[in-house]
2 protein chains.
Amino acid sequence: MIDKLSLRASNLGASASSSDVIHDALRAAIIRGEIEEGQTLRQDAIAKMFNVSRIPVREALKRLEASGLVTSVRYKGVVVSPISVAEIEEIFEFRATIEPQLIAHSVPRMTTESLDHAQALCNSFAQEKEAGLWGDLNRQFHSSLYLNAQRPYYFAAAAAANDRVERYIRAQLSLTHGRDRAIEEHQMIVDACCKGDAQRAAALTRDHIMQASTSLTKFLDRGD
Amino acid sequence: MIDKLSLRASNLGASASSSDVIHDALRAAIIRGEIEEGQTLRQDAIAKMFNVSRIPVREALKRLEASGLVTSVRYKGVVVSPISVAEIEEIFEFRATIEPQLIAHSVPRMTTESLDHAQALCNSFAQEKEAGLWGDLNRQFHSSLYLNAQRPYYFAAAAAANDRVERYIRAQLSLTHGRDRAIEEHQMIVDACCKGDAQRAAALTRDHIMQASTSLTKFLDRGD
DNA sequence: ATTTGCACGATTGTATCCAATATACAACCT
DNA sequence: AGGTTGTATATTGGATACAATCGTGCAAAT
């Protein structure tokens, strides 16, 4: 028998189809705000970008539609789903319900490694100078706190909710003092995790999300 | 200007494509348990059932995959997602988090009409003799209590969670005393709504869901 | 000037065909 | 017999071709 490890055999069966690649790329572009909401996505244009036919593009769009990121009208096309301030508030409130439960379940299951990893991501976020990376690092940090929860459904629900408002989270981080405050709150959450205080970590997470929500809606109601 | 209401103008643009029809039919069949979990869905077979090509079938399957009802492996096919007892428990717990919030937001916004409608559905469920209809009536009843919440994201999240465990909700209702107990609890929830007691309605909803969960998992751990 | 009808291009929805891959089974070797 | 290799068939993934629909501009009618 050959040594499997020497080949680093990857699971080919689960390799990405064109449809998967296109889906992931579009999803990333949408949640990062690189495609602005309301913009219509033309099948042909996307197909040409990826050098494929429209078939895999359509399948990718159907999946994005199922997760709410785009809205489709027959014979007219799909547009990046617009989202109202009320919906943003609702989704932040949803996150503030789900994510504290995730972290509360995680804390008693965290290992030294996962705590170190979380602290490292916390530091990366705090030290990163380039604003374009704050969103990714912020999300990685929060995800790392939920990995031990053993709550896949909650985790997926939180991820979906984050996808819908990701571009507003990024906007909030770019607000005056938005990131500064996040840095402080992140460290407090990590500290609570290190002490094994699940309830405090949950409460801090909830506050962190709601604080971002109010500071964001204050900005959106005023300026936009 | 013509009177729009007199026309009851339906949104023609949103008329159903083949892909939509197939998606809805498959979804209904899966959540009702008519297609059992683990069973593989052949594109060709489905296409022939609906007298269409495989293209709209594939799009329907991609959407089902995005909502978690089926699992797809490249070049092998899609199977109805199996679900473990742990996942069932998690999703019931998720419902027990979300649905009380929905009803709590609904209660202060309920009208006499919506209360009457809920009571009517409550009665229909209690009086229905045919076991095959209990699942639908149960779901209609609960949905009616959430309609006034003005929380579309919560509502959609609850609907998706219900889809995933619908067949187990049905099983639970068929258990000894499962339905009897549901009937009592439903009436208590409606009564709390009529009194405008949002917190009690929420607490009762939470108990209702958790009670179903424990009675169900007790059955699944023992028998299955 | 405004409205109505229509032709045409652009775009989406679906069918049909081909390629890539998996599965089952036969042939073969030891 | 047991296992391995080759081959046929079934099934999915994707490309191409065609049909259905939408939107727009323009001309004719009022």
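Below, chains carry the letters A, B, ... as their sequence lines are ordered, and counting in each starts from 1.
- Side-chain contact, A:Ser81 with A:Arg164: no donor N or O sits under 3.5 Å from an acceptor N or O.
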Interface polar pairs with nucleotides 15-18 of chain D, N/O, under 3.5 angstrom:
residue: D:dA15; atom: OP2; partner: A:Ser53; partner atom: N; Å: 2.8
residue: D:dA15; atom: OP2; partner: A:Ser53; partner atom: OG; Å: 2.8

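- Of the side-chain N and O atoms in B:Lys76, none sit less than 4.0 angstrom from OP1 or OP2 of D:dT11.
- With a 6.0 Å radius and a threshold of 12 heavy atoms from other residues, nucleotides or ligands, B:Gln127 has its CD atom above the threshold.
- With respect to A:Glu166 and A:Arg170, a salt bridge is recorded, a charged nitrogen being found less than 4.0 Å from a carboxylate O.
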Show me the donor-acceptor pairs, under 3.5 Å and distance only, between side chains in residues 25-34 of chain B and residues at least two apart or in other chains.
residue: B:Arg27; atom: NE; partner: B:Asp163; partner atom: OD2; Å: 2.9
residue: B:Arg27; atom: NH2; partner: B:Asp163; partner atom: OD1; Å: 3.1
residue: B:Arg27; atom: NH2; partner: B:Asp163; partner atom: OD2; Å: 3.4

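- Classification of B:Glu37 and B:Arg167 as a salt-bridged pair holds, one side-chain N sitting under 4.0 Å from a carboxylate O.
- Using a cut-off of 4.0 Å between Lys/Arg side-chain N and Asp/Glu carboxylate O, A:Glu93 and B:Arg151 are scored as salt-bridged.
- Contacts between residues 41-49 of chain B and DNA chain D, defined by a heavy-atom separation under 4.0 Å, are made by B:Leu41, B:Arg42, B:Gln43.
- Between the side chains of B:His186 and B:Asn138, a donor-acceptor pair is found at a separation under 3.5 Å.
- Note: CG (B:Asp20) to P (C:dT12) measures 16 Å, nearest angstrom.
- Taking the six-membered ring for Trp and the full ring otherwise, the centers of A:Tyr153 and B:Phe94 sit less than 6.0 Å from each other.
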